[in-house]
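Every chain is numbered from 1 and lettered A, B, ... according to where its sequence line falls, protein lines coming before strand lines.
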There are 2 protein chains.
Amino acid sequence: MSFSGQAVRKSLPPMQSQFPVAKAPAAGGHPNAVLGQENDVLSSLDTLGSVCRFARNETLFDQGQDLQSSYKIVSGAVRLCRLTADGRRQIAEFRVAGDFVGLEWDGQYALTAEAVRDVVAIRYARSRVDRMIAERSDIREGVFGLIRRDLRAAQDHLITLGCQTAKERVASFILQLARRDGTRDGETIEMQLGRQDIADYLGLTLETVSRTFTELKRKGIIALPKRRQVIVRSTARLTAQTAGLN
Amino acid sequence: MSFSGQAVRKSLPPMQSQFPVAKAPAAGGHPNAVLGQENDVLSSLDTLGSVCRFARNETLFDQGQDLQSSYKIVSGAVRLCRLTADGRRQIAEFRVAGDFVGLEWDGQYALTAEAVRDVVAIRYARSRVDRMIAERSDIREGVFGLIRRDLRAAQDHLITLGCQTAKERVASFILQLARRDGTRDGETIEMQLGRQDIADYLGLTLETVSRTFTELKRKGIIALPKRRQVIVRSTARLTAQTAGLN
DNA sequence: CGCCCAGTTGAGACATCTCAAGGCGCGTGG
DNA sequence: CCACGCGCCTTGAGATGTCTCAACTGGGCG
């Protein structure tokens, strides 16, 4: 049962925090060949854009706004989320260096994009992107593939939110991080995210996330060297916590 | 806060249960112009397909299988879901007459498709669909649009599963049904789905769904004339149960 | 007419949330 | 370089919503 291989893999921040990354995103040897390929093709968009910056917690765009720009993230991390009238928040995805945001819709933004930490990005006028998509089939295919990947990620996320217990969610999440960064047992994962962001992504409260991290640590399955770092001690045992999902 | 207008709207069974519907799906006056339009364009695929039937609970295809066929549903209803090793199930979407399934991915099916009730469908060989997508830009656009709509639906679904209480989920769900069928207060909605399917869609147990229906009925917000029928008595009061979401 | 399945209802268990307090790491300023 | 303070994280205790297990009911189909 390995259908969620693509899962929310591309969801989390890379190691470098402030070092601006050049156009070829840092993810050297990223296991997802498709992603790399798409980004290569889509990097021909680069010349059309202008650099811009967002401070931590600043909003790139709001759900419902007319879609005027798309962005490629150069450094930092962005959360894509839905906000409700009474303040509840559901994070759909995290985007990091090399990823695009605002490419997937037409008309209006479906999600709000906020900077998890300071972000440098390239902004593209939507009209130009649309023209590229119309004119170049390779770019069209690239965008198409990204959207398909997003759909899959969202569907994988549905299982997490619909069927998993807190322990399973956190375990799956850590495994996603590890897979995404290509780390092995014993290597440090820089997760960049605070407990609240993780909670909003997993549909839990920050206290529950914290307790679950603590429990996994107590069992020796993971280590928590410092704030926003995790080390997987045993991928096998962590996987065992996910009840066949991950 | 009306961002979920697109939501899982296209998710549920139409009124006619067994009457096979001709190629122009029954949904006369469907509020979603885009959907209608897309289907019109995509109906030019019809000539490529062959009719097939599936009994209630039969599987159209399994997650992970190589994607060989796409289907257009003529009558009945299909659930698209993920199954876990230990028997948990999360339904991502329901598809009904006029909808396509298996169109959205390449490579392998990401979800399992099962017949909620007896289904008549048109099957298209994937190779032919791919050719059409490559050759005809209007079809390509149609498919593209459908996938974008699916993505939006999935993201809306994330909020339901991540943030809403049982009462809010059920209320949102009924409102989706009503909107989808275009019914007004006092009109009967044929939902076609059993409590278990609703539960698996909403990330609840069937008992909780049942209790919630009962409570809404007791309050006079809805009526439950018979099995698998609902009548919304007050859309306003029902909306009030959703905490700004729906 | 009666069986069978879907749905309802109840009672108790339990996971997660809520509210609250305490600790400590990290960045800042001295 | 070290001390300080703020915010993040952890931990605790109690409340509660949902699940679980179980019995019962009713409608529909054979």
For DNA chain D, find the residues of residues 218-229 of chain A with a heavy-atom distance under 4.0 Å and give them by number; none if there aren't any.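 Under 4.0 Å from DNA chain D: A:Arg227, A:Arg228.
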Would you indicate which nucleotide in D:dT20, C:dA6, C:dT16 comes nearest to any side-chain atom of B:Arg56?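 Of the candidates, C:dA6 comes closest.
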Shortest side-chain distance from B:Leu204, nucleotide among C:dG7, D:dT18, D:dC9: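 Shortest atom-to-atom distance from the side chain points to D:dT18.
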Does a distance-only test, which skips hydrogens and angles, find a donor-acceptor pair under 3.5 Å between the side chain of B:Gln196 and the base of C:dC5? no
Length of the line joining [X]:[atom1] and [N]:[atom2], which is rounded to integer Å:
X: B:Glu215; N: D:dG17; atom1: CD; atom2: C1'; answer: 12 Å
X: B:Arg195; N: D:dT25; atom1: CZ; atom2: C1'; answer: 14 Å
X: B:Leu193; N: C:dG7; atom1: CG; atom2: P; answer: 10 Å
X: A:Phe213; N: D:dC9; atom1: CZ; atom2: P; answer: 10 Å
X: B:Asp200; N: C:dG7; atom1: CG; atom2: C1'; answer: 15 Å
X: A:Ile198; N: D:dC8; atom1: CD1; atom2: C1'; answer: 12 Å
X: A:Asp118; N: C:dG27; atom1: CG; atom2: P; answer: 13 Å
X: A:Arg88; N: C:dT18; atom1: CZ; atom2: C1'; answer: 14 Å

Closest-nucleotide mapping onto DNA chain C: is A:Gly203 or B:Arg211 further toward the 5' terminus? I mean the 5' end.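 That would be B:Arg211.
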Residue met sooner reading DNA chain C from 5', once A:Lys167 and A:Glu207 are mapped to nucleotides: A:Lys167
So B:Phe61 and B:Tyr109, would you call those rings parallel, tilted or perpendicular, with 30° and 60° as cut-offs? parallel
Test: B:Arg180 cationic atom under 6.0 Å from B:Phe94 six-membered ring centre, within 45° of axis: no
On the six-membered ring of B:Tyr71, is B:Arg95 placed so that its NZ or CZ lies under 6.0 angstrom from the centre and within 45° of the ring axis?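 Judged by the rule, B:Arg95 and B:Tyr71 form no cation-pi pair.
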Under 4.0 Å between a side-chain N/O of A:Thr214 and OP1 or OP2 of D:dT11, yes or no? yes
Any A:Thr208 side-chain nitrogen or oxygen under 4.0 Å from OP1 or OP2 of C:dT16: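 The answer is no; no side-chain N or O of A:Thr208 sits under 4.0 Å from OP1 or OP2.
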Looking at [Y] and [X], is any side-chain nitrogen of the basic one under 4.0 Å from a carboxylate oxygen of the acidic one?
X: A:Asp185; Y: A:Arg237; answer: no
X: A:Glu190; Y: A:Arg117; answer: no
X: B:Lys219; Y: B:Glu215; answer: yes
X: A:Arg228; Y: A:Asp197; answer: no

